[in-house]
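What follows is a single structure, written as structure tokens, with notes after it.
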Amino acid sequence: MLRYTIPLIIFIGLVLFFADGLQRDPRQVPSPFIDKPAPELGVPRLKTPDQEIYRSDLLGKPALVNVWASWCVACRAEHEVLLRLARETQLPIIGLNYKDKREAALQWLANLGDPYTTIAVDADGRVGIEWGVYGVPESFLLDPQGVIRYKQIGPLTWKVVEEELLPLIQSFETQGG
């Protein structure tokens, strides 16, 4: 009897474990960076490579840091949302151009429009590692003190903007930020 009971218990345990995993949203990866100060940037700007951008440049009001690349197909889908966000809000959108060629990134912006307040260049992916980037696109909402309050893995949608970002930004304003 025990010969059949133990494998059956192990099998049921594995079924429950995998069934739980299948019900989770793979985009809902908990980030250890939430509620922590954003890591340093310290990289050149895309349009003025002789100037660098630092974390301190992001302080004072909420900001969205969007990690993107011209070679990223999902970034193209997200781009219209960023353009609309830039048009309809006062939220500064800081681009972090990830492992891309400068010319390709500039051509992308010339063809599709530029929603970014400024763009940092992460040519070797070092900054992406420090920010915990899994891939592109990803976005980080920072409060006025530069603390990461939200992370979006994958393309932003307008639904995410309305249901997640805008209420958080409004809460910063009510908290006096």
field: Mutual orientation of the aromatic rings belonging to Tyr98 and Trp71 [parallel < 30°, tilted 30-60°, perpendicular > 60°]
entry: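 Answer is tilted, since the angle falls between 30° and 60°.
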
Would you kindly confirm whether [X] and [Y] end up in one hydrophobic cluster when ILVMFWY residues are joined by side chain heavy atoms under 4.5 Å apart?
X: Val73; Y: Trp108; result: no
X: Ile34; Y: Val147; result: no
X: Trp158; Y: Ile93; result: yes
X: Ile129; Y: Ile153; result: no
X: Val43; Y: Phe33; result: yes

field: Leu58/Phe140 under side chain to side chain contact (heavy atoms under 4.5 Å, CB included): CA gap, chis, key distance, verdict
entry: CA-CA 12 Å; Leu58 309 180; Phe140 300 83; over 6 Å; no

query: Quick one: salt bridge (Lys or Arg N to Asp or Glu O under 4.0 Å) pairs with a partner in residues 124-145, sequence neighbours left out?
result: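 The answer is Arg126-Glu130, Glu138-Lys151, Asp143-Arg149.
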
message: Please list all pairs meeting salt bridge (Lys or Arg N to Asp or Glu O under 4.0 Å) that have one or both residues in residues 68-81, counting only residues at least two apart or in different chains.
response: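 Those involving residues 68-81 do not exist here.
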
message: Using a 6.0 Å cut-off, check whether atom CD of Gln90 has over 12 heavy atoms from anything other than its own residue.
response: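 Open.
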
message: For the CD atom on Glu52, are there more than 12 heavy atoms of other groups (residues, nucleotides or ligands in this structure) within a distance under 6.0 Å?
response: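 For Glu52, atom CD is crowded (more than 12 foreign heavy atoms under 6.0 Å).
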
Distance in Å, [X] [atom1] paired with [Y] [atom2], rounded so as to fall on 0.5 Å steps:
X: Leu106; Y: Asn111; atom1: CG; atom2: CG; result: 11.0 Å
X: Ser70; Y: His79; atom1: OG; atom2: NE2; result: 11.5 Å
X: Leu91; Y: Leu166; atom1: CG; atom2: CG; result: 8.5 Å
X: Ser139; Y: Ile94; atom1: OG; atom2: CD1; result: 12.0 Å
X: Tyr150; Y: Leu142; atom1: OH; atom2: CG; result: 13.5 Å

- request: Check the pair Tyr116 / Lys47 against side chain to side chain contact (heavy atoms under 4.5 Å, CB included), numbers first and verdict last.
  value: CA-CA 11 Å; Tyr116 301 107; Lys47 294 181 180 175; over 6 Å; no

Might you point out which heavy atoms bring [X] and [Y] nearest each other, and give the distance in Å?
X: Ala105; Y: Asp100; result: CB-OD2, 3.8 Å
X: Leu112; Y: Leu83; result: O-CD1, 3.3 Å
X: Ala120; Y: Ile53; result: CB-CG2, 3.3 Å
X: Pro44; Y: Pro49; result: CB-O, 3.5 Å
X: Gly128; Y: Asp122; result: N-OD2, 2.7 Å
X: Pro62; Y: Ile169; result: CG-CG2, 4.3 Å

- prompt: Is any side-chain heavy atom of Leu82 less than 4.5 Å from a side-chain heavy atom of Leu64?
  reply: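 They are in side-chain contact.
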
message: For a 4.5 angstrom cut-off between non-hydrogen side-chain atoms, does Val81 reach Val160?
response: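 With C-beta onward as the side chain, the pair stays apart.
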
message: For a side chain to side chain contact (heavy atoms under 4.5 Å, CB included) check, start with the C-alpha distance between Leu96 and Val67, then their side-chain angles and the critical distance, and finish with the verdict.
response: CA-CA 5 Å; Leu96 180 60; Val67 185; 4.0 Å; yes

Side chain Asp114, main chain Leu109, donor-acceptor under 3.5 Å: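 No, the answer is negative, given that no donor and acceptor are paired below the 3.5 Å cut-off.
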
- request: Ignoring hydrogens and angles, tell me if any N or O in the side chain of Arg55 forms a donor-acceptor pair with the backbone of Ala38 under 3.5 Å.
  value: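 Here the side-chain-to-backbone pair exists.
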
- prompt: Only one of Asp50, Ile119, Asp57, Asn97 clears side-chain contact (heavy atoms from CB on, under 4.5 Å) with Arg45; which?
  reply: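 For Arg45, the side-chain contact (heavy atoms from CB on, under 4.5 Å) test succeeds with only one of Asp50, Ile119, Asp57, Asn97, which is Asp57.
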
- request: Any chance you could lay out the side chain to side chain contact (heavy atoms under 4.5 Å, CB included) test for Lys36 and Ile148, step after step, and finish with the verdict?
  value: CA-CA 6 Å; Lys36 302 259 172 37; Ile148 297 173; 6.0 Å; no

